[in-house]
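Shown next, in structure tokens, is the structure this report addresses.
Keep in mind that what you see is a predicted model, and the values were worked out from it rather than measured. Just follow the structure's listing: the first ligand is 1, and inside any ligand the first atom is 1.
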Amino acid sequence: MKGPLIIVNFKAYENVCGAQGLALAATCEKVGKETGITIVACPQMVDLALTVTHVTSPVWAQGLNSVSPGGRTGHTTIEALVGAGAKGTLINHSENREMLFDIDAIVKSCKKNNIASCVCTNNIDVSCSAAMLGPDFVAIEPPELIGGDISVTTADPKIVSATVKRVKEINKNVEVLCGAGVKNAQDVKAALELGAKGVLLASGVVKAKDPKTVLRDLASAM
Ligand code: G3P
């Protein structure tokens, strides 16, 4: 899976749990089929397996633990993700940070299990460190812009273009995504022009009155 793609992070928003989350995942699938753009749904862990049975489009986890199977109460293993039918996972999201050691271990276990890996980063240097680990994607997301109304492509386009340049210098196989404040086709168009292969977003879709229309608008720029 090498883009262009749209990743919709459901986070822990209460209006996309359970049946409402399934409805949003079905909307991601519908718009993805209509437009030919890969739209990934990232539900909460408790909804992941059910979502996988509900849609044929990719379902990713919002994260997992760097632990082997066994006495691990409350942890999520890569084996559990594979068993649930996840096709990928976010790693190190700014709202769920990991230690570098664990990011490395998780990326390696994703490769071993054919699970797409997307390491979330907050600046260019962290993006370079992440690229050294060889994930499928690095997603640059300045934390201060997350949840806001100003897209990273407007507030700080340089962080996107510089991340693309430096990541590709380190590992040409790693694709760069960007996120934080992304809301519309203009933001997506700008992201692609800056060299990103797609976007990662949450509130612009999850909080929308009409997520289908928003997703169609986002996909129209790809
Ligand atoms: O995972 C993407 C997320 O952190 C961006 O949030 O609400 O700014 O689209 P939002």
Correct closest heavy-atom pair for G147 and S203 would be CA-OG, 4.1 Å

Of E141, Q62, E95, the one whose closest heavy atom lies nearest atom 5 (C) of ligand 1 is E141

Closest non-hydrogen atoms of L192 and A196, given as atom of the first, atom of the second and distance, are CD2-O, 3.3 Å

- Task: Report yes if A202 has an N/O atom closer than 3.5 Å to an N/O atom of ligand 1; otherwise report no.
- Result: yes

Shortest non-hydrogen pair, L177 vs V199, comes out as CD2-N, 4.4 Å

One should read off an interatomic distance between L81 CG and M45 CE, to the nearest 0.5 angstrom, of 5.0 Å

Report yes or no: do S68 and R72 form a side-chain donor-acceptor pair below 3.5 Å? yes

### Distance-only N or O hit between ligand 1 and L200, under 3.5 Å
no

Trace of the side-chain contact (heavy atoms from CB on, under 4.5 Å) decision for I103 with M99:
CA-CA 6 Å; I103 298 170; M99 303 286 281; over 6 Å; no

Out of curiosity, is K11 lining ligand 1, as in a heavy atom under 4.0 Å away? yes

If we number the atoms of ligand 1 from 1 as shown, the ones under 4.0 Å from a heavy atom of I146 are 4 (O), 6 (O), 8 (O)

Would L201 count as a polar contact of ligand 1, with the cut-off being nitrogen or oxygen pairs under 3.5 Å?
no

Ligand 1 to N9, heavy atom cutoff 4.0 Å, flagged ligand atoms 1 (O)

Margin query: Measuring from non-hydrogen atoms of G179 to any atom of ligand 1, is the shortest distance under 4.0 Å?
Written below: no

re atom 4 (O) of ligand 1, the protein heavy-atom contact at minimum distance is H93 NE2, 2.8 Å

So the atoms of ligand 1 within less than 4.0 Å of a heavy atom of S203 turn out to be 7 (O), 9 (O), 10 (P)

When you compare the side chains of H93 and E98, does any donor N or O come within less than 3.5 Å of an acceptor on the partner?
no

